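Have a look at the structure below, then the notes.
Chain identifiers are assigned alphabetically (A, B, ...) following the order of the sequence lines, protein sequences preceding nucleic acid strands; residue numbering begins at 1 within each chain. This is a predicted model, so every value here is computed, not measured.
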2 protein chains.
Amino acid sequence: MLTNRQLQILQVIVDDFVTSAQPVGSRQISKKDWITSSPATIRNEMADLEELGFIEKTHTSSGRVPSEKGYRFYVDHLLQPISMSNREIGLFQSIFKNQIVEMEQVIRESANILSDLTSYTTILLGPNVSKHRVKRFQIVPLSEQTAVAIIVTDNGHVENRTITLPQGFAPSDIEKTVNILNERLVGVSLLELQSRLELETFNVLRQHVNTADSFIQSLRNVATFQNEGKIYFGGKTNMLNQPEFHDLNKVRALMEMMEKESQVISLFHREDTGIHIRIGSENNHIVMDDLSVITASYSVGNDQEGSIAIIGPKRMDYQRVVSLLDVMRSGLSRALSNKVNDGL
Amino acid sequence: MLTNRQLQILQVIVDDFVTSAQPVGSRQISKKDWITSSPATIRNEMADLEELGFIEKTHTSSGRVPSEKGYRFYVDHLLQPISMSNREIGLFQSIFKNQIVEMEQVIRESANILSDLTSYTTILLGPNVSKHRVKRFQIVPLSEQTAVAIIVTDNGHVENRTITLPQGFAPSDIEKTVNILNERLVGVSLLELQSRLELETFNVLRQHVNTADSFIQSLRNVATFQNEGKIYFGGKTNMLNQPEFHDLNKVRALMEMMEKESQVISLFHREDTGIHIRIGSENNHIVMDDLSVITASYSVGNDQEGSIAIIGPKRMDYQRVVSLLDVMRSGLSRALSNKVNDGL
DNA sequence: TATTAGCACTCTGTGTTAATGAGTGCTAAC
DNA sequence: GTTAGCACTCATTAACACAGAGTGCTAATA
């Protein structure tokens, strides 16, 4: 168990290092006016904190830097919520107050504002369409052989695919197909769509219209969706301003990581709904060893729908980011839920 | 007018500098076996070439480097088409041969393959929707107050917007609206849609359905499109491997530039249809002073539809990139045109 | 017993100097 | 017109000294 003084010292080390990015020395700590001990005493305490694994030296005679364990302790025990400035509150309200219609726009703007306010990088995982339910099918013919298949979901998302029509497929066949699909599949979630299509409609379709196998295959194709939401970035280049990214190799590694969708998605921990913090190696990804990720999820209606992540250096302003994320999460949830419930 | 020997020397300087990124010295040039002169002679010629502005020294006693004027001359007079390797041809065919349905996927893949083959960055400007023509309108109600408006264009593109319905708007009103829109606006290009909507349909709508001003405003909104195609990137991080990007500030400036849509679009010169090369400061953008951009446009059907750009260091392999771009341009045009004409 | 002042020691960062090497320009010879 | 030879320039690198920041330890102090 840490003594009170040790807690104080750890807190100063983390706070100072977060703002200055420089190792913190005993003299620097002793200067804080709420710290009464002399540098020598602090050095002794620091030696103990180091032995306990909370802080590290970058070389024999340098000041101390928080270790991952140190950050973890800080985050778990020393973090205190802070309130936001008026400017910040204003910015948030500006996204949500306008009667905004396009969900995509709200999300895009949220990502930008978050990254502006934090000067870190924001990743926003959009609502996962696979939970949405089919509201309406539509097939619009483009030519003799091609058409566009459209699915509108209950909260206004539109999916579309180009499909190939069987030879000699008449407009009436299209109409029949659309009717069959709408009769049987409205209300089905996109996740189940593929199997329900297979079980309930293909046979019926074969009976009523001139269906070729290629057409069935096209329809299968229509019912295939990405099983993760769309990814939005904010402030991708903010990271380059952080001193830990003076190393070009790190920059490249991170940029390449962010180009790969699957790797980006693996940064999120979607198990749970609260705010989560992963520090450095806790992310299980070499590229992220010097970075921390803070995630939160927002909901639309009752479902947990999407996630927000902020990526910054391990030396991140955890307090601030956690507070901002919390506000943003609830703001987004409220804004998007209103939009959907708007008269259901 | 340059002598034959001067041409040879300039060519070697550009070619060698392109591959090595190191200033080229007289000895190095004399080693090429098709160069017969001695280093001293070459030095004299180089002094002349420098006086003419085709090459430069980085410092008093360094080898020579092509100037912008030198590159420009090289590109205008010394460039010779090269043929592609089997591997490359194979890669190209792999995109186009599969019966691909989604235009977006073809474009995305093209961008990736181009950047893989060149190890530069590719920007692909997708087809500009504003030239497409309306094939079908559709309005799908989501709730009492909201609906999704959908426009399908003649080549299968789908645009959609969420709109707000006037109070007490009945399903039959929606049907009437859709009918009026389809009767009057099918075949109109998206570019003209806004004005035609204004002139020809709003009055009719006011007569036949319970139209609120907010509804009219929503429809106006529906008819507003981005007037440039969507932007696709390939190999955004390739640039980081170029030695000229060892400078972090340049990296940041470039990355920030690529985040801004308008700046990216200004890189294209869409006046004309051929292959265009802009070298360094010819791009009129500080960030691009050390970079060259090669652009080409592809067409779908008869219209010039989209553009491809490859961004690399000024010290770029112009021959190779021009050849690749030429193949890609015609491949893309053919693939996308087939897709559209497919039975018109 | 806990704290603190003092001091030797360690490591980083910076500025200086010297040596090396690649390349040029010029002159004189071919 | 071409080329060999030579003096000169500049960038790069290594070696070295020195200042500064910080530590750990010891001995004195409250």
| request: Using a 4.0 Å heavy-atom cut-off, write out nucleotides 20-30 of chain C from 5' to 3' as B (base contacted by protein), S (sugar-phosphate only) or - (no contact). | output: --BBBB-----
| For the side chain to side chain contact (heavy atoms under 4.5 Å, CB included) test, which of Ile311(B), Ile294(B), Val18(B) pairs with Met316(B)? |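 Going through Ile311(B), Ile294(B), Val18(B) one by one, the side chain to side chain contact (heavy atoms under 4.5 Å, CB included) with Met316(B) is satisfied by Ile294(B) alone.
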| field | Residue closer to the 5' end of DNA chain D, Thr58(B) versus Arg5(B) (nearest nucleotide) | value |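 The residue mapped nearer the 5' terminus is Arg5(B).
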Mind calculating the distance between [atom1] ([X]) and [atom2] ([N]) to the nearest angstrom?
X	N	atom1	atom2	answer
Leu49(A)	dG22(D)	CG	C1'	17 Å
Ile42(A)	dG22(D)	CD1	P	12 Å
Glu45(A)	dT3(C)	CD	P	7 Å
Asp16(A)	dG22(D)	CG	C1'	15 Å

| Any chance the side chains of Asn112(A) and Tyr232(A) put a donor and an acceptor closer than 3.5 Å? |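 There is no such pair between these side chains.
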| query | Would you call Glu259(B) and Lys236(B) a salt bridge, taking side-chain N to carboxylate O under 4.0 Å as the test? | reply |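 Yes, charged N to carboxylate O under 4.0 Å.
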| query | So does Lys250(A) pair up with Glu244(A), basic N to acidic O under 4.0 Å? | reply |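 Here Lys250(A) does not pair with Glu244(A) in a salt bridge, since their nearest N and O are not under 4.0 Å apart.
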| field | Heavy-atom side-chain contact between Ile231(A) and Leu125(A) under 4.5 Å | value |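 Yes, their side chains come closer than 4.5 Å.
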| query | Can you check side chain to side chain contact (heavy atoms under 4.5 Å, CB included) on Leu7(A) and His77(A), steps first, answer last? | reply | CA-CA 9 Å; Leu7(A) 290 178; His77(A) 301 105; over 6 Å; no
